[in-house]
Amino acid sequence: MDTTWQIHLSETEEERQNAIKEFGCSPVEYLAKLGCLNERTVAVHCVALSDHDIELLAESGASVVHCPVSNMRLGCGASPVVKLLKAGVNVALGTDGAASACSLSMFEQMRTAGLIAKGFSQDPTQLTVNQIIRMATINGANALKLDREVGSLAVGKSADLAAIDMSQLVTMPVLDVFSNVIYAVEAQCIHQVWASGCLVANIQQEKLLRPDRGKLLTKSNIMSWQNRVCEILRDDFN
């Protein structure tokens with residue numbers, strides 16, 4: 001039918017061992033033997049993978065959907081996202097579903113994906129903010145073969161965007177916009193949502209019960225510290 005298709009694949013080590021016991025190979029290898037592993041395959045989870053499994057996914061052109069919150073909540077483990085990306089696999093982000101993740105927030109998925117990659121590897125440089133944002137946007141479009149229509153802001157594509165209010169207390173101080181989007185932004189920070197160029201949500205932020213929100217932001221020295229750090233960074237780079 002010339003369409004993409006999705007399958008939850010190798011979500012747990014138990015699933016992998018059961019496949020080896022019954023079919024003599026891993027779930028990824030089994031799909032490849034069936035001729036079902038190709039550029040239109042969207043493999044969800046992919047937690048329990050061998051190096052050979054990763055090679056097969058990369059060679060086939062299949063996409064992987066990383067569901068970090070669901071995997072953590074269900075105790076499945078973590079997908080080797082960094083290895084997959086280095087192998088050239090297109091990795092996107094997903095929620096799995098509210099039944100297993102309890103949340104459909106893509107901001108939570110981005111944050112958890114970054115924390116898992118850094119925490120498990122004990123390397124803070126693993127999975128950069130740029131990689132995470134691509135996983136949440138254009139990589140998902142690539143997986144669904146919709147990259148000519150959505151996934152990035154470009155002439156001719158659907159104007160799907162969310163305007164984020166970075167002046168919220170939870171996002172202060174803003175030293176790096178991308179880092180804040182991933183590690184600080186919450187649902188309350190979303191100000192407007194656009195779909196196909198049409199404004200579909202215009203959220204008026206509720207005022208704090210205290211009327212001195214502006215004074216709180218300035219008197220708390222948040223902005224002064226932010227400016228000071230920026231000055232130090234500029235001096236270092238100069």
Side-chain angles (χ1 to χ4, degrees), residues 64-72 78-79 81-82 84-85 90-96 98 101-121 123-144 146-147 150-154 157-206 208 213 216-217 220 222-223 225-230 232-234 237:
V64 168
V65 180
H66 181 33
C67 302
V69 175
S70 171
N71 293 156
M72 290 295 98
S79 175
V81 172
V82 175
L84 287 165
L85 290 172
N90 179 61
V91 182
L93 275 177
T95 64
D96 191 24
C102 288
S103 170
L104 299 180
S105 169
M106 286 300 290
F107 289 102
E108 185 175 359
Q109 306 302 323
M110 289 193 292
R111 178 162 48 248
T112 305
L115 294 175
I116 288 174
K118 298 174 189 303
F120 278 35
S121 66
D123 182 354
T125 67
Q126 294 297 307
L127 208 57
T128 67
V129 291
N130 287 339
Q131 287 177 312
I132 296 172
I133 289 177
R134 289 186 64 85
M135 287 166 61
T137 55
I138 190 63
N139 288 10
N142 287 333
L144 299 175
L146 294 174
D147 51 294
V150 297
S152 62
L153 301 180
K157 287 190 176 184
S158 295
D160 298 337
L161 15 138
I164 302 171
D165 182 1
M166 300 297 282
S167 69
Q168 296 294 305
L169 291 175
V170 294
T171 62
M172 291 292 181
V174 184
L175 302 178
D176 182 281
V177 174
F178 281 174
S179 290
N180 276 49
V181 167
I182 293 172
Y183 295 111
V185 165
E186 298 176 358
Q188 68 199 59
C189 302
I190 305 301
H191 185 65
Q192 293 177 327
V193 178
W194 299 72
S196 297
C198 297
L199 183 64
V200 296
N202 190 9
I203 303 166
Q204 298 297 326
Q205 299 292 344
E206 294 183 5
L208 292 178
R213 177 176 179 273
L216 180 63
L217 284 173
S220 64
I222 290 178
M223 297 305 296
W225 274 110
Q226 173 178 315
N227 294 335
R228 178 59 183 145
V229 171
C230 288
I232 293 172
L233 291 176
R234 280 197 298 268
F237 284 116

Begin with the C-alpha distance, continue with both residues' side-chain angles, and end with the deciding distance and a verdict on side chain to side chain contact (heavy atoms under 4.5 Å, CB included) for Phe120 and Val82.
-> CA-CA 11 Å; Phe120 278 35; Val82 175; over 6 Å; no

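- Ala143 and Asn90 get closest at one heavy-atom pair: N-ND2, 3.5 Å.
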Check against side chain to side chain contact (heavy atoms under 4.5 Å, CB included), Asp160 and Ser196 | CA-CA 5 Å; Asp160 298 337; Ser196 297; 4.0 Å; yes

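- Atom OG1 of Thr137 sits about 8.5 Å away from atom CE of Met110, to the nearest 0.5 Å.
- One finds the CD1 atom of Ile116 at 10.0 Å from the CG atom of Leu127 (value rounded to the nearest 0.5 Å).
- Nearest heavy-atom pair across Pro68 and Thr112 is CB-CG2, 3.8 Å.
- Judged by distance alone, the side chain of Asp165 and the main-chain N or O of His191 form no donor-acceptor pair under 3.5 Å.
- Within a 6.0 Å sphere centred on CZ of Arg111, heavy atoms belonging to other residues, nucleotides or ligands number more than 12.
- Looking at Val185 and Thr171, their side chains come closer than 4.5 Å, going by heavy atoms from C-beta outward.
- At least one donor-acceptor pair closer than 3.5 Å links the side chain of Ser121 to the backbone N or O of Asp123.
- Asp147 contributes atom CG, which lies 6.0 Å from atom NZ of Lys157 (distance to the nearest 0.5 angstrom).
- For the 3.5 Å distance criterion, the side chains of Glu108 and Ser103 qualify, holding a donor opposite an acceptor.
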Derivation and outcome, side chain to side chain contact (heavy atoms under 4.5 Å, CB included), residues Ile182 and Ile133 | CA-CA 8 Å; Ile182 293 172; Ile133 289 177; 4.0 Å; yes

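- Note: Gln131 CD to Arg134 CZ = 9.5 Å, rounded to the nearest 0.5 Å.
- Closest of all the heavy-atom pairs between Gln109 and Gly94 is OE1-O, 3.2 Å.
- Rounding to the nearest 0.5 Å gives a distance of 4.5 Å between CD of Gln192 and CG of Asn202.
- Here the closest heavy-atom approach between residue Val177 and residue Met166 is recorded as O-CE, 4.1 Å.
- Between Pro124 and Lys118 the shortest heavy-atom distance is O-NZ, 2.8 Å.
- Interatomic distance, CG of Asn139 versus CD1 of Ile132, reported as 12.0 Å (0.5 Å rounding).
- A pairwise comparison of heavy atoms in Leu161 and Leu153 identifies CD2-CD2, 3.4 Å as the closest pair.
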